[in-house]
Amino acid sequence: MPELPEVEVVRRGLDRWVAGRTVERAEVLHPRAARRHEAGGADLAQRLRGRTITTASRRGKYLWLPLDGRDSALVAHLGMSGQLLVQPAETPDQTHLRARLAFTDGGRELRFVDQRTFGGLALDALVDDDTGGVVPASVAHIARDPLDPGFDDGEWVRRLRRRQTGLKRALLDQTLASGIGNIYADEALWRARLHWAAPTETIAPARARELLGHARDVMSSALAEGGTSFDALYVNVNGESGYFDRSLAAYGQADQPCPRCGRPIVREAFMNRSSYRCPQCQRTPRNAHR
DNA sequence: GATCGGCCCTGCCCGC
DNA sequence: TGCGGGCAGGGCCGAT
């Protein structure tokens, strides 16, 4: 899904449905699901047995479930197609079921389902990061996200302007600000009337702050609507989809009229993916970083 | 050190 | 109807 709003929807579901529960049995059904756990899937499953999940945390697109003792956590990343579902044990196995946790209370299972296997699970030590937070070691390089109360807007602007690249690359860089992916980058740039290739090094600080504000606003709005879903792949822990796709102005809107000026939105190749923009509102800058 | 392209996967949709 | 190519919301790794 999974950009910040969608991952936060999942985090809230996990906090409600699995916090306080003790793992009776864990199974890892596909090796790629545990490839970030160095000792492998069997080791991961064995180490989870008997551990109690205390809460559900998130930074950017990373989720983690701190375990009793609070010195380690089960880390999850959904990748492009991952789902964490809380379902009755009698629910038939999904085609792409990659891992399963059953709990001592005999209630609903936690399932990791992932078609494309870009996502994964790992057990990791919790460490202090350099911004005063406690995160899994494998997440320590990820910046705080714009919805995090500890996010430093001024520092983001300074670091952005030290980069020599295009605005969208910088928005997607999870070590600068986390949680923003292809959808919300395009939506924030559209709202700010900025081109994806506009240079980071010459953007006025006030314009940069504006762009950050739009990124924050668009992700907050998406979160309020349960996230963005184009199809059944992107769901909360109960398998339900969000509604924000109805509010997208640019992303995925090729040939549709720009909601501001009416010019057709264009799709352009970008980093082996796509970028969508309005050719009128988001003019190509002279010194673009292609 | 910073930046960027390639690549890891599966499935769906479209055009031929 | 069948097949091949392109594309999909991410991030790590290695080359430059």
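The chains referred to below are lettered A, B, ... by the order of the sequence lines, with proteins before strands, and numbering in each begins at 1. Just so we're clear, the structure is a prediction, and the values are computed from it rather than from any experiment.
For the pair A:Arg35 CZ and B:dC8 P, the interatomic distance rounds to 12 Å; values are reported in whole Å. Atom CD in A:Gln164 sits roughly 7 Å away from atom P in B:dT3 (whole-Å rounding). The nearest whole Å value for the distance from the CZ atom in A:Arg59 to the C1' atom in C:dG11 is 17 Å. A straight line from CG of A:Asp114 to C1' of C:dG11 spans 13 Å, rounded to a whole angstrom. Atom-to-atom, NE2 of A:His77 to C1' of C:dG9 comes out at 11 Å; the value is rounded to the nearest Å. Look at CG on A:Asn272: it is 16 Å from P on B:dC9, rounded to the nearest Å. Rounded to whole angstrom, the span from the CD1 atom of A:Ile180 across to the P atom of C:dG11 amounts to 11 Å. In this entry the distance linking CZ of A:Arg32 with P of C:dG11 reads 14 Å, nearest Å.
For A:Arg25, the salt bridge (charged side-chain N to carboxylate O under 4.0 Å, His left out) partners at least two apart in sequence or on another chain are A:Glu27. Residues satisfying the salt bridge (charged side-chain N to carboxylate O under 4.0 Å, His left out) test with A:Asp105, not counting sequence neighbours, are A:Arg21.
Residue pairs meeting the ring pair (Phe, Tyr, Trp, His ring centres under 6.0 Å) criterion with at least one partner in residues 46-80 of chain A, sequence neighbours excluded, are A:Tyr62-A:His77.
Heavy atoms of A:Phe244 sit nowhere under 4.0 angstrom from any nucleic acid atom.
Annotation: the span from A:Ile203 atom CD1 to A:Leu167 atom CG amounts to 4.5 Å, rounded to 0.5 Å. Distance check, rounded to the nearest 0.5 Å: OG of A:Ser178 to CZ of A:Arg59 gives 7.0 Å. A:Arg169 CZ to A:Leu172 CG: the interatomic distance, rounded to the nearest 0.5 Å, is 9.0 Å.
With C:dA8, C:dC12, B:dC7 as the candidates, the nucleotide lying closest to the side chain of A:Arg116 is C:dA8. Nearest to the side chain of A:His141, among C:dC12, C:dG9, C:dG11, sits C:dC12. Here the side chain of A:Tyr251 is nearest to one of C:dG11, C:dG9, B:dC9, namely C:dG9. Closest contact between the side chain of A:Tyr62 and the listed nucleotides B:dG6, B:dT10, C:dC12 involves C:dC12.
Between A:Arg144 and A:Asp152, none of the side-chain N atoms (NZ, or NE/NH1/NH2) sits under 4.0 Å from a carboxylate O, so this pair counts as no salt bridge. No salt bridge links A:Arg161 with A:Glu201; every basic N to acidic carboxylate O contact stays at or beyond 4.0 Å.
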Quick one: which protein N/O atoms are closer than 3.5 Å to N/O atoms of nucleotides 5-7 of chain C? Pair and distance per line, please.
none

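Only A:Thr165, A:Arg169, listed by number, bring a heavy atom of residues 165-179 of chain A to less than 4.0 angstrom from any atom of DNA chain B.
Linking Ile, Leu, Val, Met, Phe, Trp and Tyr residues whenever their side-chain heavy atoms come within less than 4.5 Å places A:Val28 and A:Leu84 in a single cluster. Clustering ILVMFWY residues whenever any of their side-chain heavy atoms sit less than 4.5 angstrom apart, transitively, puts A:Leu194 in the very cluster that holds A:Tyr251.
Taking all atoms of both residues into account, the shortest heavy-atom contact from A:Glu187 to A:Val218 is CB-CG2, 3.8 Å.
A cation-pi arrangement is absent between A:Arg12 and A:Trp17 under the rule of less than 6.0 angstrom and at most 45 degrees off the ring axis.
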| note | Read 5' to 3' with Watson-Crick or G-U pairs under 3.5 Å, [ ] for crossing pairs and | for partners on another strand, DNA chain C gives .|||||||.|||||||
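To the nearest whole angstrom, the two C1' atoms, one in B:dG11 and one in C:dC12, are 23 Å apart.
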